[in-house]
Amino acid sequence: MICVKFEQVMNNVDEAVTENELAALLDAETKITAYAGYEPSGQLHLGHLLTAYKLIELQSSGVDVIVLLADLHAYLNEKGTMDQIGKWARYYEKCFTALGLAKETKFVLGSDYQLEPDYTKLILRLARHTTLNRARRSMDEVSRNAEDPVVSQMIYPLMQAADIGYLKIGIAVGGIDQRKIHMLAREALHSMGFQSPVCIHMPILLGLDANKMSSSKNNLIAVEDSSDSIKKKIASAYCPARTTEGNPILQLYRYFIFPRFKRVSLERPKRFGGQIEYEEFSKLEMDYAAGKLHPLDLKNGAALYIEQIVGPIRAVLLKD
RNA sequence: CCCGCCUUAACUCAGUCUGGCAGAGUGGUCGGCUGUAGACCGAUUUGUCCCCCGUUCAAAUCGGGGAGGCGGGACCA
């Protein structure tokens, strides 16, 4: 039974630090709190869904969940003015609600507590436990403007560690890009007498063009994309035949479609073999690698299924 | 506080010395070839030349002032 919980929580995860600690936490009697923080900036996309769904899975394992709308973090990382970021924060809360997080989910706006004296002292203490090099390297995958980092970007990881301590977080959820920040947080918090968090890292999705996802490059699927736009984006996605490595379309099956549909059915023209069904990703992946499944059929199926996943979310968002 | 260098398309940069239609590569878009995309081929697209003032028939280019970035120096009773 504990195993079932653990298996579910580990689904799709890139790594957990550490798995033993995670299993022990899920096993424990005491209430634990998990959180993920998001910089409110830009449209919500499939990458965000990955961590959000993990939070939902944690909720169903009896874990309390906090979604941190990290407005000050976004500000420190040069994502816009506080005014613009504030608007995004309200939008994000709407989106996350539409995704199906439980009613008990706590949405916390960073600036609501991150300016308290106690919190500030925590940052300053963390600053004494953290070398400049370490802080800077921790931001490698997160920083906007990595060339000429500003001091605010060194404060950023300290605040992330402070959040974990201040909010008494047991499990920190994030993309694998958060890894170095989380490791810093684990060490620094521990040396200051706090409980180190268990960290669950989700994979970072490739963009549809197989490059890094970026809203400015339009290579991602946003929750608000129309069904037509999803079709077009998937149609123009990079998808070399028989190649499973670094294939963004296969990623959609692995991380989104198979976890949600017991049976995945792909339509093909009769002359190319007609309809075919899969019950596990690995089978589909093997067929694709063997050239038994054509990229176009793979794409057409992906577009239909992704629409089924994103459509209901979009509907809720557009309702008001 | 002082000195030097840098700022031009979405990105990387050339052009500045010696003033004369705003450029290249990459990217984007469209088409061809593929039962997808990419690659390849063809076409096409993009500007506050950091800002202000001045000189000039004419300024990205010269002069003055300012902003931002980078590097160094100085200070270290």
Side-chain angles (χ1 to χ4, degrees), chain A residues 39 41-43 45-47 74-82 84 88 132-133 135-137 139-156 177 203-222 225-258 264-278 281 283-310:
Chain A
E39 289 183 24
S41 154
Q43 287 204 299
H45 55 72
L46 291 185
Y75 178 72
L76 295 176
N77 201 17
E78 307 186 310
K79 295 295 177 72
T81 63
M82 279 309 279
Q84 296 166 327
W88 281 114
L132 192 52
N133 271 336
R136 183 174 178 160
R137 287 198 300 123
M139 292 293 287
D140 280 352
E141 307 294 326
V142 176
S143 254
R144 155 163 296 200
N145 180 24
E147 291 282 301
D148 303 320
V150 287
V151 173
S152 64
Q153 287 168 317
M154 303 299 100
I155 298 170
Y156 184 118
D177 58 336
I204 292 297
L205 295 176
L206 285 174
L208 291 170
D209 56 2
N211 293 314
K212 194 175 150 92
M213 255 201 210
S214 150
S215 43
S216 58
K217 288 173 77 180
N218 201 34
N219 62 355
L220 52 80
I221 295 173
D225 274 342
S226 67
S227 133
D228 199 47
S229 154
I230 291 174
K231 265 185 225 160
K232 278 185 188 154
K233 284 181 178 180
I234 288 180
S236 65
Y238 176 76
C239 187
R242 292 191 301 277
T243 303
T244 57
E245 200 73 8
N247 185 320
I249 301 299
L250 279 176
Q251 267 191 345
L252 298 178
Y253 281 93
R254 180 197 292 270
Y255 295 121
F256 294 97
I257 297 171
F258 276 98
V264 174
S265 167
L266 302 182
E267 302 296 333
R268 293 187 293 193
K270 279 220 173 59
R271 67 193 159 110
F272 294 128
Q275 190 216 41
I276 186 167
E277 290 196 351
Y278 293 95
F281 174 72
K283 289 266 173 55
L284 176 143
E285 187 181 35
M286 275 173 56
D287 273 7
Y288 189 76
K292 290 183 197 164
L293 196 52
H294 191 275
L296 186 53
D297 300 320
L298 192 77
K299 282 185 172 181
N300 289 337
L304 288 175
Y305 279 104
I306 293 296
E307 167 60 19
Q308 284 189 56
I309 293 168
V310 172

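Within every chain, numbering begins at 1; the chains are lettered A, B, ... in the order of the sequence lines, protein sequences first and strands thereafter.
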Tell me every residue that passes ring pair (Phe, Tyr, Trp, His ring centres under 6.0 Å) with [X], counting only those two or more places apart in sequence or in another chain.
X: A:Tyr305; result: A:Phe261
X: A:His45; result: A:His48
X: A:Tyr288; result: none

Side chain of A:Asn218, base of B:G28: donor and acceptor closer than 3.5 Å?
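Per atom types, no contact qualifies.
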According to side chain to side chain contact (heavy atoms under 4.5 Å, CB included), who are the partners of A:Asp140, at least two apart in sequence or on a separate chain?
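For A:Asp140, the residues satisfying side chain to side chain contact (heavy atoms under 4.5 Å, CB included) (neighbours in sequence not counted) are A:Arg137, A:Lys180.
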CZ of A:Phe272 versus C1' of B:G35: gap in Å, rounded?
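About 5 Å, once rounded to whole Å.
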Rounded to whole Å, how long is the line connecting atom CG of A:Asp148 with atom P of B:C70?
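Rounded to whole Å, this separation is 5 Å.
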Which nucleotide, if any, forms a Watson-Crick or G-U wobble pair with [N], using both distances under 3.5 Å?
N: B:G35; result: none
N: B:G42; result: B:C30
N: B:G20; result: B:C57
N: B:C11; result: B:G25

Within 6.0 angstrom of A:Glu245 CD, more than 12 heavy atoms from elsewhere:
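Not buried by this count: 12 neighbours or fewer within 6.0 Å.
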With the criterion being N/O to N/O and under 3.5 Å, what pairs connect the protein with nucleotides 37-44 of chain B, and how long is each?
| residue | atom | partner | partner atom | Å |
| --- | --- | --- | --- | --- |
| B:A37 | O4' | A:Ala237 | O | 3.2 |
| B:A37 | O4' | A:Lys299 | NZ | 2.9 |
| B:A37 | O2' | A:Ser236 | O | 3.0 |
| B:A37 | O2' | A:Ala237 | O | 2.7 |
| B:A37 | O2' | A:Tyr238 | N | 3.1 |
| B:A37 | N3 | A:Cys239 | N | 3.1 |

Could you pull out every donor-acceptor pair under 3.5 Å between side chains of residues 246-253 of chain A and any protein atom, sequence neighbours left out?
| residue | atom | partner | partner atom | Å |
| --- | --- | --- | --- | --- |
| A:Asn247 | OD1 | A:Ile249 | N | 2.9 |
| A:Asn247 | OD1 | A:Leu250 | N | 3.2 |
| A:Asn247 | ND2 | A:Thr243 | O | 3.0 |
| A:Gln251 | OE1 | A:Leu206 | N | 3.1 |
| A:Tyr253 | OH | A:Leu298 | O | 2.6 |
| A:Tyr253 | OH | A:Ala302 | N | 2.9 |

Looking across every strand, which nucleic acid part, if any, lies under 4.0 Å from A:Asp297 by heavy atom: base, sugar-phosphate, or nothing?
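Here A:Asp297 touches the bases of the nucleic acid.
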